[in-house]
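Take a look at the structure set out below.
So that the names make sense, note that chain A is the first sequence line, chain B the second, and so on, each numbered from 1. Here the structure is a predicted model, which is why all the values come from computation and not from measurement.
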Number of protein chains: 2
Amino acid sequence: MIRSIRILLTFATAPVLFSACGGSHSVETSNEERIMCEKLPMQSDGIVRLSKIQVNPDYLEEYMKYAVEVGTTSLETEPGVLTMYAVADKLNPCNITILETYASQEAYKSHIASQHFQKYKKGTIHMVDSLILDDVTPLNQNNIITNTIKR
Amino acid sequence: MIRSIRILLTFATAPVLFSACGGSHSVETSNEERIMCEKLPMQSDGIVRLSKIQVNPDYLEEYMKYAVEVGTTSLETEPGVLTMYAVADKLNPCNITILETYASQEAYKSHIASQHFQKYKKGTIHMVDSLILDDVTPLNQNNIITNTIKR
């Protein structure tokens, strides 16, 4: 529960409705509003991954919309999707890297079976020139990343 | 201040002593303790970077100790170091990637001038076969990463 507590308190200045999954909580704020599900703790079979995508330049703008949509929906609604942080190289914006963290193998299977991931996968498959999934190990297990969507 | 407020509230279940820099706050918790400085908000000249390091296999274990130490000290003491998240490829642990985020150019200059960074740089320069600094742009500016050290 540590991660989900952290998520809740991360939003303790915002009106938070943990409704997409998990329990429901609401906190007042002055200037922000978010909807975010509670997160599962990282399990021993969790996944930390750098997904490296080379996008066809002809489709880059369209691909970015799909990528932002699937990342936002996954973070907001999936308790087992702990990070989905996508960046584009400044020198070659067609080179996209996504830091993906799943709480467990089950969470990953649930993610790839989700409607929003399937929409992304089917909608972008012709836009992707190459995809490399590099599973990685954090050097420091006490180095904690919390990934949220600001609304 | 949003980032520093978020950091504070991220730790609202932990006894937090924001003493390394910034103000001092203490909050009760059941099971965790951390020391973390308050963070600066991301500025328009901030940096998001993927540093890609290939470590000489003969020095990998020693390099990892330096990398963990500089990451921990930077996150805990530098208000302008927003992320320092290092991962190693599972298939080739000599390939290290670090997600580095600096609140501004000034924060980056302060980081590379710091005693702990200089210790890391001078202590590991003979261990590093190659270093690539890929500056990147997050696809979604509302996708927020918070990076902390669990104690």
Side-chain angles (χ1 to χ4, degrees), chain A residues 1-2 5-14 27 29-32 34 47-50 52 60 63-72 75 83-93 95-99 101 134-151, chain B residues 1-3 5-14 27 29-32 34 47-50 52 60 63-69 71-72 75 83-93 95-99 101 134-151:
Chain A
M1 285 298 294
I2 290 174
I5 290 169
R6 185 172 299 121
I7 291 291
L8 167 62
L9 293 165
T10 296
F11 295 128
T13 53
V27 185
T29 185
S30 56
N31 62 351
E32 291 182 36
R34 297 183 181 84
I47 299 168
V48 183
R49 172 173 293 167
L50 292 174
K52 301 170 182 178
L60 183 57
Y63 174 84
M64 302 261 270
K65 292 175 185 171
Y66 274 96
V68 168
E69 180 184 24
V70 73
T72 300
L75 283 170
T83 76
M84 186 75 63
Y85 186 68
V87 297
D89 281 7
K90 280 188 181 291
L91 294 180
N92 182 355
N95 290 344
I96 307 289
T97 303
I98 308 176
L99 173 62
T101 309
D134 278 344
D135 284 1
V136 297
T137 306
L139 270 56
N140 179 2
Q141 296 303 319
N142 292 323
N143 185 316
I144 305 298
I145 286 273
T146 303
N147 191 189
T148 58
I149 300 293
K150 182 171 69 176
R151 286 292 190 185
Chain B
M1 284 302 294
I2 290 175
R3 287 197 69 86
I5 290 169
R6 185 173 296 121
I7 291 291
L8 168 62
L9 293 167
T10 296
F11 294 130
T13 54
V27 186
T29 185
S30 56
N31 62 353
E32 289 183 36
R34 296 184 181 85
I47 299 168
V48 183
R49 172 173 292 165
L50 293 174
K52 300 171 182 178
L60 183 57
Y63 174 85
M64 302 262 269
K65 293 176 185 171
Y66 274 97
V68 168
E69 180 185 28
T72 299
L75 283 170
T83 75
M84 186 75 62
Y85 186 67
V87 296
D89 281 7
K90 280 189 181 290
L91 294 180
N92 183 354
N95 291 343
I96 307 289
T97 303
I98 308 177
L99 173 63
T101 309
D134 278 345
D135 284 1
V136 297
T137 306
L139 268 59
N140 178 3
Q141 295 303 318
N142 293 322
N143 185 316
I144 305 298
I145 286 272
T146 303
N147 191 189
T148 58
I149 299 294
K150 182 170 69 175
R151 286 292 189 183

Can you check whether A:K52's main-chain N or O pairs, donor with acceptor, with A:T97's side chain at less than 3.5 Å? no

Dump the intermediate steps for side-chain contact (heavy atoms from CB on, under 4.5 Å) on B:N147 and A:I144, then the final yes or no. CA-CA 6 Å; B:N147 191 189; A:I144 305 298; 5.6 Å; no

Could you check which of A:L99, A:L91, A:V68 has the highest count of heavy-atom pairs closer than 4.5 Å to chain B? A:V68

So which part of B:I96 gets closer than 4.5 Å to some heavy atom of chain A, the side chain, the backbone, both or neither? side chain

Between B:D135 and chain A, which part of the residue has a heavy atom less than 4.5 Å away: side chain, backbone, both or neither? both

Begin with the C-alpha distance, continue with both residues' side-chain angles, and end with the deciding distance and a verdict on salt bridge (Lys or Arg N to Asp or Glu O under 4.0 Å) for A:R49 and A:D134. CA-CA 6 Å; A:R49 172 173 293 167; A:D134 278 344; over 6 Å; no

Which of B:N95, B:V87, B:V48 touches chain A most, by non-hydrogen pairs under 4.5 Å: B:V87

Shortest non-hydrogen contact from B:P93 toward B:A88: O-CB, 3.7 Å

